[in-house]
Amino acid sequence: MEVLSLHLGVSHFATPPAATQALQAALSQPNQYGPTEGIAALREAIAQRYQEDEGISVTAEQILITHGTKHALHLYLSCLLTPGAEVIAPAPYWFAFPEIVRLAGGQLVSLPANPAKHYALDVQALRERITPQTRLLLLTNPGNPTGKVYSPEELHAVAQLLEEYPQLHVLSDEIYDGLVFPPAKMRSLLQFEPLRNRIAVVNGFSKSFAMANWRVGYLIAPAPLLQQSTHLQHQLIGGVSPLNQLGAAAAMHNRHALWQSYRQDLLPKRQKVLEAIGQLPNLRANVPDAGYYVTLEIENCLQAANPRSPFQLVEEWAAALKDQQGLEVLPATNMGMPSAVRMSYALPAPELDEALSRLRAFVS
Ligand code: PMP
């Protein structure tokens, strides 16, 4: 039986043709290094998108093009954190965060979000976690794996915290921001212009542009941190391939058409997955506002809640699902949610149908 991989963080969408064409046209360029901070065409395209789509003013000089979003996270955190610094992140979070924070000398402090409250930001619990060592609040908006898009009220509460705690910075990872389903509406944290001396955003082309293999991301950060990050990237690795950046710029100019086509594909799939889950005993999931993951709560399939279950841990449940049905999902234990799994629905319709019938067979 062929294993269906719903655990992966890549979509089935083809590379944007505009990107491929721009890359092909650039291949005849002479042998040269590009600037460490990124080529003007891409930095300007990114600045333009914030201005046009959200009325937020970002200049090209405020943007550093990085080797993927992960690298943007590494650079920023290495420059911001000092040994022992604490980074608060709402859970569930992307599984790579704890280690990326640790490598930069910090420590991730989990702030569990309640699925029954649609993963709302618990500002009271957040306040209780702030200590003299707290340096950063790390948000993912839209969320991975939750697909949650923060409301204007939640974002204002974050801005309020920044005003109250002068040592606090906020980083918003917005890598899924092109994949938001109305009526949810995404607003970048960059909207709080007076607080931008402590607000940073990372983003990239792997998810919202289906260009994971191009390794292009970006960092928008307060000037001193951006300068240090640029210096670090210069010494470590140099600038991103200008050829790949030209492809990314072309994709960015084409964003509205791309995002509409992705949403059109994903929306009925989201519906199908949620309907299937709704019919299965012991499984629960929230409607994701964005992205292509469902966070499947399987608490009632585990022994603690259900003594008849053979599974103690979510890992055991996921392993049995793979062994018995050839369906691979991702336990969310290392995302700070040990009673859930993440499953992707960014796959061709026939595969998704097959995956859902295997899930049904396993649970029923
Ligand atoms: N941030 C989040 C929230 C992600 O889900 C991912 C990829 N899974 C990344 C960053 C890394 O993206 P990139 O491929 O651009 O390094």
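Values below: every heavy atom of this structure, side chains too, minus hydrogens, waters and symmetry copies. Remember, it's 1-based here, ligands and their atoms both numbered in the order they're listed. Sequential numbering from 1 along the given sequence is applied to the chain's residues.
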Flag the pair K117 and D122 as a salt bridge only when some basic side-chain nitrogen lies within less than 4.0 angstrom of an acidic carboxylate oxygen. no
Is the NZ atom of K70 crowded by more than 12 outside heavy atoms at less than 6.0 Å? no
Where at least one partner belongs to residues 230-283, residue pairs that pass ring pair (Phe, Tyr, Trp, His ring centres under 6.0 Å), sequence neighbours excluded: F13-Y262, F209-W259
Any pair counted as ring pair (Phe, Tyr, Trp, His ring centres under 6.0 Å), so long as it reaches residues 67-88, sequence neighbours left out: H67-H71
N or O contacts of ligand 1 with protein under 3.5 Å, please list pair by pair.
from: ligand 1; atom 1: 1 (N); to: D173; atom 2: OD2; distance (Å): 2.6
from: ligand 1; atom 1: 5 (O); to: N144; atom 2: ND2; distance (Å): 2.8
from: ligand 1; atom 1: 5 (O); to: Y176; atom 2: OH; distance (Å): 2.9
from: ligand 1; atom 1: 8 (N); to: K207; atom 2: NZ; distance (Å): 2.8
from: ligand 1; atom 1: 14 (O); to: S206; atom 2: OG; distance (Å): 2.6
from: ligand 1; atom 1: 14 (O); to: R215; atom 2: NH1; distance (Å): 2.9
from: ligand 1; atom 1: 15 (O); to: T69; atom 2: N; distance (Å): 2.8
from: ligand 1; atom 1: 15 (O); to: T69; atom 2: OG1; distance (Å): 2.8
from: ligand 1; atom 1: 15 (O); to: S206; atom 2: OG; distance (Å): 3.1
from: ligand 1; atom 1: 16 (O); to: T69; atom 2: N; distance (Å): 3.2
from: ligand 1; atom 1: 16 (O); to: K70; atom 2: N; distance (Å): 3.0
from: ligand 1; atom 1: 16 (O); to: R215; atom 2: NH2; distance (Å): 2.8

Can you establish whether the number of heavy atoms outside R284 located under 6.0 Å from its atom CZ is more than 12? no
With sequence neighbours excluded, residues passing side chain to side chain donor-acceptor pair (under 3.5 Å) with Q48: E52
